[in-house]
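Both backbone and side-chain heavy atoms feed into the values below; hydrogens, waters and symmetry mates do not.
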Amino acid sequence: MKIIFLSLIALTLVACNIDRSPYDSKESDEILADPTGLQTITLGNYALLKGDAEGGGFFNNLYRVGEYGGDNIDISGTTTDQFFYYYNYRSIKNNGRSNTIWNAGYKAIVGCNRVISKISEGKDASTDQLIGENYFLRAYVYFSLVNVFGKPYNQGTGNPGVPLKTSDDVNDLPARASVGQIYDQIVNDLKKAEQLMSLDKNNTYASKQAAQALLSRVYLYMENNDKAIEYAEKVINSGKYSLLANSELPSYAIKAPEINKETIFAFKYNKDGDYNDGWYTIGSMYANIQNVGWGEMYASSSYLDLINQNPQDARLKFISKKYSIPATPVAYWVQQGTNTSGGITYNYSFQKTFQQGGNTYFTMNNINYQVQSEVLPNKTNYYFINSNNAKVYVDLDNDMDKRNGYPKFYILKCSLQEGVPQLWSPVILRLAEMYLNRAEGYAKKGNSASALADINVIRTRAGIPVYSSVPAGQTILDVVLQERRLEMAFEAQRKYDVFRNKLTLDRNYPGTHLNGNNPFYTVPYTSNRIIEYIPEQQIQIQPNLTQNPD
């Protein structure tokens, strides 16, 4: 099978798991003695985190944890690639991808520590800028690691986090610090970065505003809502960034990051050097474009139900339907049933439609069901009345290509940078999130009017109706998190947004996460499986590491 090859990459990455340093210590001391050495090592730290566009390195594996563990996607088959364990919540202790996150992350931390400990501040603005960038990168790594391997902050600051290493000595092997201690370090590092960075570099490098933006997210995770609002406002009011226009929004991924006025910080991937043939990129799993990509992972039905509430939403253009040829009109819907062992199943049902007397019908179980319409303010819904006299909502469209019965709702948010099929520069921070962070902070403080004002900024840009009040049956936090899901979809934040808000992840929709015995239809925030095991390879190297509970 095609995606088996990805597991070979993962196994290759595991092979060097005992190498704890990003480069030889003596060599790096010599580099730092050179006038350009500080920049060289800093660029090396960026490179360790960026990895390559072909699926290796820190970010590419980190992305899979955050997005595949959410509810925006379904996978249309099984795979031996170990990312499947992030998707189906069947975590394993020897996951090579988790080990790569840990390895690359701590290599970068050691590199940042070397700069921070060896270079004095105050020499000049350029030197302080580079030191500040290393503080930012170290904070970003610790924030990422503690989210993957430690419980959310609001579940207890005393819970085990990850080792807190601030020296550049590769033989210094601290035990796990608490979640609270790691967050304290993150905040201190980002405040230091904010203080030191003053130069106006492009958004593929850390900046004062990038530190402020990440602080806003960190404080949101800590439920320090006042500070989350304060730091979001610093970025919004800086005047350095602006939301892309409605017409530009569907082209977000196509723009190189340094010319995208909404992006605050991104890892830049180039066609030359970072990109081979595109088959092992993140976007490759989401779509086949110009005959490049597996196209085996699609937008989930629950995400589609949400975004289809407003057919004019510009963000719908991030989803591309792969239609069958020749065109065949059908009605399709998600159908609940039971499998042979008595478990619930969710499947896409497709029925050919036909016209008769000006009405649309389809045949199921030898009964001709008439499709009826229900006109709403923003769209027209279609439904039929089933044998239980209940409305079943359907979509009327042409038939779609399917893989293992799953229709191909391709995702285009991680592809087509500069016209290259599967090239994409991962966006780590952008202005839209700052409005959403501020909105969530306001919502949690009970300031519904201010929260709606920020949400309406995002909805206006998307081209959909704004809220005049909180919709009936929802809380203001419901509204904020729903908009956050729509806006930040496929950006590796959804899983954390669910669990940090003490919500249950609802995965009652078609996908191979429901295959096998005792599947996770829902995942409560209290489950031990919302975090990954500490890589077994690391515990073998460092016996003072304690494992996460089963």
| said: Under a plain distance cut-off of 3.5 Å, with no hydrogens placed, do R114 and S167 share a side-chain donor-acceptor pair? | reply: no
| request: Please confirm whether K234 makes a cation-pi placement over Y231, using NZ or CZ under 6.0 Å from the six-membered ring centre and within 45° of the ring normal. | output: yes
| Looking only at heavy atoms, which two atoms of R494 and G70 are closest? And how far apart? | CG-CA, 4.3 Å
| request: Examine the side chains of N134 and T42 and answer whether a donor and an acceptor come within less than 3.5 Å of each other. | output: yes
| message | Can you confirm whether the side chains of N159 and Q155 place a donor and an acceptor under 3.5 Å from each other? | response | no
| field | Ionic contact status for E418 with K271, cut-off 4.0 Å | value | no
| Among side-chain atoms of Y86 and S98, is any donor-acceptor pair under 3.5 angstrom? | yes
| query | Going by distance alone, is a donor N or O of one side chain under 3.5 Å from an acceptor N or O of the other, for R217 and N437? | reply | no
| message | Looking at E483 and R315, is any side-chain nitrogen of the basic one under 4.0 Å from a carboxylate oxygen of the acidic one? | response | yes
| query | Is R500 salt-bridged to E223, cutoff N-O under 4.0 Å? | reply | no
| N-O pairing of K268 and E258 below 4.0 Å | yes
| query | For the ring pair Y280 and Y275, is the centre-to-centre distance below 6.0 Å? | reply | no
| NZ/NE/NH1/NH2 to OD/OE distance under 4.0 Å, D226 and K445 | yes
| message | Between D128 and K123 (salt bridge meaning N to carboxylate O under 4.0 Å), is one present in this structure? | response | no
| From T36 atom OG1 to I41 atom CD1, the distance as rounded to the nearest 0.5 Å | 10.0 Å
| query | Are K227 and E230 close enough for a salt bridge, meaning some N to O gap below 4.0 Å? | reply | yes
| Regarding T127 and D124, is there a side-chain donor-to-acceptor distance under 3.5 Å anywhere? | yes
| said: Less than 4.0 angstrom from a charged side-chain N to a carboxylate O is my criterion; do R430 and E487 meet it? | reply: yes
| remark: Here the gap from L137 atom CG to F58 atom CZ, rounded to the nearest 0.5 Å, amounts to 10.0 Å
| Under 4.0 Å between a Lys/Arg side-chain N and an Asp/Glu carboxylate O for D81 and R97? | yes
| task | Please check if any side-chain donor atom of Q129 sits under 3.5 Å from a side-chain acceptor atom of E133, or the reverse. | result | yes
| Taking NZ, NE, NH1 and NH2 as the nitrogens, is one of them in D71 or K495 under 4.0 Å from a carboxylate oxygen of the other? | no
| query | Regarding S178 and Y183, is there a side-chain donor-to-acceptor distance under 3.5 Å anywhere? | reply | no
| query | Without hydrogens or angle criteria, can the side chains of S284 and Q422 be said to hold a donor-acceptor pair below 3.5 Å? | reply | no
